[in-house]
Engineer: 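I have a structure here, written as structure tokens, and I will follow up with some questions on it.
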Amino acid sequence: MRLELTVNGRVHELDLDTRVSLLDCLREHLRLTGTKKACDQGACGACTVLLDGERVNSCLILAVQCAGSEVTTIEGMSSHEVGRAVQEAFVAHDALQCGYCTPGQICSAVGMLAEASATLTAAEIRERMAGNLCRCGAYNGIVAALQEVSR
Ligand code: FES
Ligand code: FES
């Protein structure tokens, strides 16, 4: 199927099998490998991107479902005001170790902060970020970084 996919503000014309996930489309067809594949079944959050500003697991969505929507990946975060602030806070709070979960954590955090209307407590951040796992256990740094941005 032919489709147009807008990723990080750029329109891509694609000819895709309708069974291709958004995750595989980003990584294999557009070479945007910042979005990570881990479980490939919606359990870990490593593949999180923004779809029209809302966080989604890109392994659970077909690319063809995203035609007409705006996809934002970690590669687009440097030109996103909140995305930049989250990235800087992750560095300042040492919120990563191997970094494999980090693109998903950052995209999820940007979506999460847009969902919240008030300053978040550490407990609220942990709850709202529960879908993003970190095998390195960098959770304390991640929560500290997101508390700073939330404030
Ligand atoms: S790779 Fe998508 S949730 Fe784990
Ligand atoms: S920093 Fe290694 S999995 Fe999170």
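One-based numbering along the sequence shown. Remember, it's 1-based here, ligands and their atoms both numbered in the order they're listed. If you're wondering where the values come from, they're calculated on a predicted model, not measured in any experiment.
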Engineer: If the cut-off is 2.8 Å, does any N/O/S atom of Cys98 fall short of it from atom 2 (Fe) of ligand 2?
Structural biologist: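 True for Cys98.
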
Engineer: At a threshold of 2.8 Å, where the distance has to be below it, does atom 2 (Fe) of ligand 1 have an N, O or S atom of Cys47 nearby?
Structural biologist: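 Coordinating: yes.
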
Engineer: Can you tell me which portion of Ala138 lies within the under-4.0 Å heavy-atom range of ligand 2? Options are side chain, backbone, both, or neither.
Structural biologist: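 Contact part for Ala138 vs ligand 2: neither.
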
Engineer: Can you tell me which residue and heavy atom of the protein come closest to atom 1 (S) of ligand 2, and the distance to 0.1 Å?
Structural biologist: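 Result: Gln97 N, 3.2 Å.
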
Engineer: Does Glu70 offer a backbone N or O that forms a donor-acceptor pair with the side chain of Asp52 under 3.5 Å?
Structural biologist: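 Yes: the side chain of Asp52 pairs with the backbone of Glu70.
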
Engineer: Between Thr72 and Asn8, do the side chains contain an N or O donor and an N or O acceptor separated by less than 3.5 Å?
Structural biologist: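 The criterion, which ignores hydrogens and geometry beyond distance, is not satisfied for Asn8 and Thr72.
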
Engineer: Output yes if Cys59 passes the N/O/S-under-2.8 Å test against atom 2 (Fe) of ligand 1; output no otherwise.
Structural biologist: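 Coordinating: yes.
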
Engineer: Do any heavy atoms of Gly99 fall under 4.0 Å from ligand 2?
Structural biologist: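 Heavy atoms of Gly99 do come under 4.0 Å of ligand 2.
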
Engineer: Quick check: do Arg2 and Leu14 have side-chain heavy atoms less than 4.5 Å from each other?
Structural biologist: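 A side-chain contact is absent here, since even the closest heavy-atom pair is not under 4.5 Å.
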
Engineer: Would you say the side-chain atoms of Tyr100 pair up with the backbone N or O of Lys36, donor to acceptor, closer than 3.5 Å?
Structural biologist: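 Side chain of Tyr100 to backbone of Lys36: no pair is present.
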
Engineer: Identify, by atom number and element, the atoms of ligand 1 in contact range of Cys39, meaning under 4.0 Å from any of its heavy atoms.
Structural biologist: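 Close to Cys39: 1 (S), 3 (S), 4 (Fe).
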
Engineer: Atom 2 (Fe) of ligand 2 and Cys136: any N/O/S contact shorter than 2.8 Å?
Structural biologist: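 Checking atom 2 (Fe) of ligand 2 against Cys136, an N, O or S atom does fall under 2.8 Å.
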
Engineer: Look at the side-chain heavy atoms of Ile, Leu, Val, Met, Phe, Trp and Tyr, link any pair under 4.5 Å apart, and say whether Val71 and Leu32 land in one connected group.
Structural biologist: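 Yes, same cluster.
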
Engineer: Within the 4.0 Å heavy-atom shell around Gly42, which atoms of ligand 1 are there?
Structural biologist: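 That gives atoms 3 (S) of ligand 1.
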
Engineer: Would you say the side-chain atoms of Arg55 and Ser108 include a donor-acceptor pair closer than 3.5 Å?
Structural biologist: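 Note: Arg55 and Ser108 side chains meet the donor-acceptor criterion.
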
Engineer: Side chains of His93 and Glu148 only: does a donor on one sit below 3.5 Å from an acceptor on the other?
Structural biologist: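 The criterion, which ignores hydrogens and geometry beyond distance, is satisfied for Glu148 and His93.
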
Engineer: At less than 4.0 angstrom from any non-hydrogen atom of Asp40, what atoms of ligand 1 do you find?
Structural biologist: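 It comes down to these atoms of ligand 1: 1 (S), 4 (Fe).
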
Engineer: Within the 4.0 Å heavy-atom shell around Cys44, which atoms of ligand 1 are there?
Structural biologist: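 Answer for ligand 1: 1 (S), 3 (S), 4 (Fe).
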
Engineer: Ignoring hydrogens and geometry, is there a side-chain-to-backbone donor-acceptor pair from Glu28 to Cys25 under 3.5 Å?
Structural biologist: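 Pair absent, no side-chain N/O of Glu28 close to backbone of Cys25.
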
Engineer: Select one of side chain, backbone, both or neither to describe which atoms of Ala43 lie under 4.0 Å from any atom of ligand 1, heavy atoms only.
Structural biologist: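 Near ligand 1, Ala43 shows its backbone, while the atoms from C-beta on stay back.
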
Engineer: Looking at Arg135, which atoms of ligand 2 are within less than 4.0 Å of one of its heavy atoms?
Structural biologist: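 Close to Arg135: 3 (S).
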
Engineer: List every atom of ligand 1 that sits less than 4.0 Å from any heavy atom of Ala38, numbering the atoms from 1 in the order shown and giving each element.
Structural biologist: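 Near Ala38, meaning under 4.0 Å from one of its heavy atoms, ligand 1 has 1 (S).
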
Engineer: Should the pair Lys37-Asp40 be classified as a salt bridge under the 4.0 Å nitrogen-to-oxygen rule?
Structural biologist: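 Salt bridge: yes.
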
